[in-house]
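Residues take their numbers from the sequence shown, with the count starting at 1.
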Amino acid sequence: MESGLKPMDAEQLRENAHKMVDFIADYYKTIENFPVLSQVQPGYLRELLPDSAPTHPEPLQHIFDDIQAKILPGVTHWQSPNFFGYYPSNSSIAGFLGEMMSAGLNIVGFSWITSPAATELEMIVLDWFGKMLKLPEEFLSAGKGGGVIQGTASEAVLVVLLAACDKILRRVGKKSLEKLVVYASDQTHSALQKACQIGGIHPENCRLLRTDSSPDYALSPNVLNEAISNDVTSGLISFFLCATVGTTSSTAVDPLLELGKIAKGNDMWFHVDAAYAGSACICPEYRHYIDGVEEADSFNTNTHI
């Protein structure tokens, strides 16, 4: 290899990591001085970067200079104390150290043998989280379930939808895919519709049932019952219900206990998407928002919200 292309050694890592930490720390000391919303126009970065990748390494300071001049102007600063869009910021300064350790160990944990500690730590920590939320024993690894970390809540919704599809199609036959019907409220995150598309559910069989302000935009059990009855009468198969705890559009909380009983009575998979508000239920005063989760087949939430 050319002398200029030698990989970074441990001492260079130590030196440059200190510089990186200083850069990040300085960014956080001044983050409130940046405009929260990026002020650039679409395509701005292509004008500032070369057409092809660099062929030689550059000093870290040059990279910092590029970040300051070219990248930060195009950043919407989610961690700014002045950011109030979408949902709360999703990291902590203490978490950066965990990210550093994770990147440094670079574990590939797709099975127990590839890194036993990764598999077992995931199970243990998610059991801790399940106990903090007072989830039923079936949701813990000692029962029939156990938590799994997904990249996003959207991935979690897709995974459970595919699992539900697999379960029902094993019973009614794979040719019945076109008859499967999914139910949720019209406040449900668009991740469900995307999951239906990926999972092969016909678009016309994704029922986003209308809500209104009278029950705070929660899904009405009566409306759900009527929709299921109509579909069953038409020869369709009602197989999946997604309830939400804290919709991102209106913070609506669906009545889990009532919806869960309807799902069970119709032999449907009942999923609870608590991505937005679920983590708040660690607090005893908010735990009642997930009362009825014991009726669910699956549950997801974001720990960082």
Kindly list each side-chain donor-acceptor pair under 3.5 angstrom involving residues 290-299, sequence neighbours excluded, with atom names and distances?
unit_1 : atom_1 : unit_2 : atom_2 : d
D291   : OD1    : R287   : NH1    : 3.0
E294   : OE1    : G292   : N      : 3.2
E295   : OE1    : K264   : NZ     : 3.0
D297   : OD2    : F270   : N      : 2.7
S298   : OG     : W269   : NE1    : 2.9
S298   : OG     : H271   : ND1    : 2.7

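Nearest approach of S238 to I228, heavy atoms of both residues: OG-CG2, 3.7 Å. Here the closest heavy-atom approach between residue T211 and residue A218 is recorded as CG2-O, 3.6 Å. Taking every heavy atom of both residues into account, N302 and A153 meet most closely at OD1-CB, 3.6 Å. Here the shortest heavy-atom pairing between A191 and S154 reads CB-OG, 3.3 Å. Scanning both residues, Q79 and I31, for their nearest heavy atoms gives C-CD1, 3.7 Å. Taking every heavy atom of both residues into account, Y44 and K70 meet most closely at OH-O, 2.7 Å.
The closest side-chain heavy-atom distance from R210 to V223 is not below 4.5 Å. The shortest side-chain heavy-atom distance between T248 and Y86 does not fall under the 4.5 Å cut-off. In this structure, V160 and N300 have side chains that are not in contact, with every pair of non-hydrogen atoms separated by 4.5 Å or more. You'll find the side chain of F23 reaches within 4.5 Å of the side chain of Q68, heavy atoms only. Looking at L180 and L169, their side chains come closer than 4.5 Å, going by heavy atoms from C-beta outward. L72 has its side chain within reach of F34: a pair of non-hydrogen atoms, C-beta onward, lies under 4.5 Å apart. Residues F129 and I282 meet the side-chain proximity criterion, which asks for heavy atoms closer than 4.5 Å. For the pair D65 and E58, the minimum side-chain heavy-atom distance is 4.5 Å or more.
Side chain of S102 to backbone of G98: no donor-acceptor contact under 3.5 angstrom is found. Counting only distance, with no hydrogens or angles, the side chain of T119 and the backbone of P116 share no donor-acceptor pair below 3.5 Å. Side chain of T114 to main chain of V108: a donor-acceptor pair is present (N/O by atom type, distance under 3.5 Å, no hydrogens or angles). Of the possible polar contacts, one joining the N16 side chain to the Q12 backbone as a donor-acceptor pair under 3.5 Å is found. A donor-acceptor pair under 3.5 Å is formed between the side chain of S92 and the backbone N or O of G95. In this structure, T233 contributes its side chain and S229 its backbone to a donor-acceptor pair below 3.5 Å. Panel note: side chain T244, backbone T188; no donor-acceptor pair is recorded below 3.5 Å. Remark: the backbone N or O of M268 is not paired with any side-chain donor or acceptor of N266 at under 3.5 angstrom.
Atoms CG and CD, on D66 and Q61 in that order, are 10.5 Å from each other to the nearest 0.5 Å. Atom CG of L13 is separated from atom NE2 of H18 by 9.0 Å, given to the nearest 0.5 angstrom. Between the CG atom in D254 and the CG atom in L259 there is a gap of 6.0 Å [rounded to 0.5 Å]. For the atom pair L209 CG and L219 CG, the distance stands at 5.5 Å (nearest 0.5 Å). One finds the CZ atom of F240 at 9.5 Å from the CG atom of L162 (value rounded to the nearest 0.5 Å). Annotation: the span from S141 atom OG to D127 atom CG amounts to 3.5 Å, rounded to 0.5 Å.
Evaluation of the side-chain hydrogen bond (donor to acceptor under 3.5 Å, both in side chains) test over residues 20-43, restricted to residues two or more places apart or in two chains, returns Y27-H77.
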- side chain to side chain contact (heavy atoms under 4.5 Å, CB included) between C165 and I201, worked out: CA-CA 9 Å; C165 278; I201 303 300; 3.8 Å; yes

Exercise. Tell me, with the steps shown, if I198 and L158 meet side chain to side chain contact (heavy atoms under 4.5 Å, CB included).
Key: CA-CA 8 Å; I198 295 171; L158 172 61; 3.9 Å; yes

*asked:* Between N205 and L236, does the side chain to side chain contact (heavy atoms under 4.5 Å, CB included) criterion hold? Intermediate values first, please.
replied: CA-CA 9 Å; N205 288 348; L236 299 174; 4.2 Å; yes

Inset, instruction - Would you check, one step at a time, whether the test side chain to side chain contact (heavy atoms under 4.5 Å, CB included) holds for K179 with V172? - result: CA-CA 10 Å; K179 296 182 179 181; V172 300; over 6 Å; no

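A donor-acceptor contact closer than 3.5 angstrom is absent between the side chains of S220 and N222.
In the hydrophobic cluster analysis, where Ile, Leu, Val, Met, Phe, Trp and Tyr join through side-chain heavy atoms closer than 4.5 angstrom, L192 is grouped together with L177. A continuous path of hydrophobic side-chain contacts links V157 to V182 [ILVMFWY only; heavy atoms under 4.5 Å]. No single ILVMFWY cluster, assembled from side-chain heavy atoms under 4.5 Å apart, contains both V245 and L257.
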